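Below is one structure, written out as structure tokens, with a few remarks after it.
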Amino acid sequence: MTPMPLAPGSTLGIVGGGQLGRMIALAAANYGLKVHVYAPDADSPAFDVAARTTCGAYDDAEALTRFAQSVDAVTYEFENIPRETADLLARNAALHPSADALSITQDRLSEKSFINGIGIPTAPFRQVDTPDDLARALEALGLPAVLKTRRFGYDGKGQRIIREPAEGDRNAIFAEFGGAPLILEGFVPFEREVSVVAARSADGSFAAFDLCENEHRDHILALTRVPAPGVSAETAAAAVEIARRIAEALDYVGVLAVEMFLVRDEAGERLIVNEIAPRVHNSGHWTIEGALTSQFAQHVRAVCGWPLGDPGRVGGLAVEMRNLIGAEAEGWAALLGEPGAHLHLYGKGEARPGRKMGHVTRLID
Ligand code: AMP
């Protein structure tokens with residue numbers, strides 16, 4: 001295995017070929033690295049900007065081994081790769097973040113147990129493997145509650161809210177999920193959703209970007225505002241401290257995002273962790289123009305064993321990042337003509353509804 005730190009000219013392997021992989025590859029190229037992207041789809045957006053590509057399945061042990069042996073370090077842009085794949089990659093190259101960090105965070109049950117285990121609050125939750133478990137969990141947590149698949153959920157897929165006792169029988173609800181292992185969560189009456197995007201390196205250094213506020217539309221991130229408006233400085237600092245403790249406990253190397261609910265009640269502001277993304281994150285896209293080091297450059301630095309960059313925000317009072325979803329990307333020409341709008345398009349062919357086609361960042365003075 002190649003010793004750390006990597007030298008410019010080394011090859012970074014990226015597993016996953018979406019826009020996150022594409023933007024990691026662009027940042028890596030900026031530091032004189034070569035990138036080799038491994039992804040299952042021939043038209044992966046990251047393939048367009050990589051020196052080498054392998055089109056292969058996430059369980060093709062032979063292709064994955066050849067890929068890992070051809071690179072100096074490996075990272076991933078997507079957390080739904082099997083644990084066995086991560087182990088195989090780690091046997092053949094330095095893998096960051098680790099297979100343990102990946103497997104804890106890719107299952108909502110182990111993720112929430114881990115977070116509670118280090119003394120950080122989440123929504124109350126119960127494991128649900130049978131319709132009887134569901135009945136007991138609803139009894140324990142009350143309504144409303146959110147039923148989710150433990151794995152492979154993203155952008156609100158694989159979940160539903162149960163609001164009324166009369167909402168169909170437990171067997172029918174359970175059957176909707178096709179027998180997948182589930183988790184029931186108590187509903188958190190949040191005021192806003194926030195996230196911390198941060199990096200940790202192997203020597204334990206930690207650097208967090210400013211707290212983000214995230215607005216979703218149809219379960220998909222629509223808008224990120226930074227710094228999160230209406231949140232006290234103490235709460236913003238507490239959010240960063242939560243992310244730091246999580247990164248430390250995972251012995252994490254790379255960029256991670258911690259999504260949190262902000263609850264406001266008589267006692268003031270409280271933070272409840274929703275989930276951890278063991279990768280660069282959509283709510284960190286604003287850092288490309290809005291911070292001294294982008295989340296992608298920061299991730300490359302961490303996984304190459306390089307010093308972390310300054311995560312400080314630039315650009316006046318605030319930064320706003322809007323996703324361009326589906327047909328919204330058709331407005332690209334107008335955005336190019338708008339002074340101060342930074343347009344990013346991911347090179348995806350078909351603008352299907354709900355598909356993230358690009359984003360636009362505006363620095364607000
Ligand atoms: P997730 O897939 O866990 O990120 O959930 C997607 C979205 O559903 C979140 O961004 C929240 O808006 C909402 N949500 C998820 N879990 C809960 C919960 N326990 N209470 C309230 N809202 C939730």
Side-chain angles (χ1 to χ4, degrees), residues 18 20 77-80 102-116 120-128 133-134 137-164 167 173 176-178 180-197 211-226 228 230-231 239 242-243 246 256-265 269-285 321-323 325 354-356:
L20 300 179
E77 59 116 45
F78 161 75
E79 64 269 44
N80 290 328
L102 175 76
S103 79
I104 290 170
T105 55
Q106 72 186 177
D107 178 329
R108 294 184 198 276
L109 185 66
S110 59
E111 179 178 57
K112 288 200 162 58
S113 307
F114 159 78
I115 296 167
N116 287 173
I120 294 171
T122 62
F125 63 93
R126 291 288 185 284
Q127 178 171 355
V128 173
D133 289 346
L134 178 56
L138 285 165
E139 189 70 28
L141 301 181
L143 292 177
V146 188
L147 188 62
K148 302 179 178 179
T149 54
R150 279 170 50 184
R151 301 164 73 93
F152 308 127
Y154 70 97
D155 289 348
K157 292 189 173 60
Q159 64 170 274
R160 65 163 282 176
I161 298 188
I162 306 173
R163 292 185 192 280
E164 304 290 335
E167 239 177 88
I173 295 178
E176 277 174 28
F177 286 84
L182 304 175
I183 183 173
L184 186 76
E185 297 178 10
F187 185 85
V188 178
F190 60 84
E191 178 193 88
R192 57 184 86 217
E193 295 186 73
V194 297
S195 60
V196 175
V197 179
L211 187 68
C212 314
E213 183 196 23
N214 302 315
E215 274 182 33
H216 297 85
R217 209 179 325 122
D218 302 328
H219 292 289
I220 301 172
L221 181 67
L223 174 66
T224 295
R225 282 198 200 92
V226 185
V231 179
I242 286 173
I246 288 173
L256 86 174
V258 182
E259 296 179 26
M260 306 176 200
F261 299 126
L262 186 130
V263 177
R264 193 179 299 278
D265 52 25
E269 295 172 343
R270 272 188 301 128
L271 292 165
I272 292 175
V273 172
N274 178 31
E275 63 181 355
I276 304 165
R279 53 170 169 78
V280 292
H281 192 256
N282 197 166
S283 68
H285 290 0
M321 187 287 308
R322 232 171 244 284
N323 272 338
I325 295 166
R355 196 173 194 205
K356 292 174 182 170

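Heavy atoms only: backbone and side chains are in, while hydrogens, waters and symmetry mates are out. Predicted model only: the values in this text are computed from it and were never measured. One-based numbering, in listed order, for ligands and for the atoms of each.
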How far does NE2 of His285 sit from SG of Cys212, to the nearest 0.5 angstrom?
11.0 Å
Nearest heavy atom to atom 5 (O) of ligand 1: which of Glu111, Glu193, Glu215, Gln159 does it belong to?
Gln159
Should the proximity of Asn214 to ligand 1, defined as any heavy atom under 4.0 Å, be assigned to the side chain, the backbone, both, or neither?
neither
Under 4.0 Å from one or more heavy atoms of Glu259, ligand 1 contributes atoms 4 (O)
Out of Phe261, Phe187, Phe125, whose heavy atom is nearest to atom 14 (N) of ligand 1?
Phe261
With heavy-atom distances below 4.0 Å as the criterion, list the atoms of ligand 1 near Glu275.
1 (P), 4 (O)
Per-atom filter on ligand 1: closer than 4.0 angstrom to a heavy atom of Phe190 are 12 (O), 21 (C), 22 (N)
Taking side chain as C-beta onward, heavy atoms only, is Glu213 less than 4.5 Å from Arg225?
yes
Neighbour count >12 (heavy atoms, 6.0 Å) for atom CD, Glu139:
no
N or O contact, Gly186 vs ligand 1, cut-off under 3.5 Å:
yes
Does the side chain of Thr149 come within less than 4.5 Å of Phe177's, by heavy atoms?
yes
Answer yes if the side chains of His281 and Glu259 hold a donor-acceptor pair under 3.5 Å, and no otherwise.
yes
Proximal ligand 1 atoms for His216, defined as those under 4.0 Å from one of its heavy atoms
10 (O)
So, does Glu111 use its side chain to make a donor-acceptor pair with the main chain of Glu275 at under 3.5 Å?
no
Backbone or side-chain N or O of His219 under 3.5 Å from ligand 1 N or O
no
Val146 N/O to ligand 1 N/O under 3.5 Å
no
Without swapping roles, check the side chain of Asp265 against the backbone of Glu269 for a donor-acceptor pair under 3.5 Å.
no
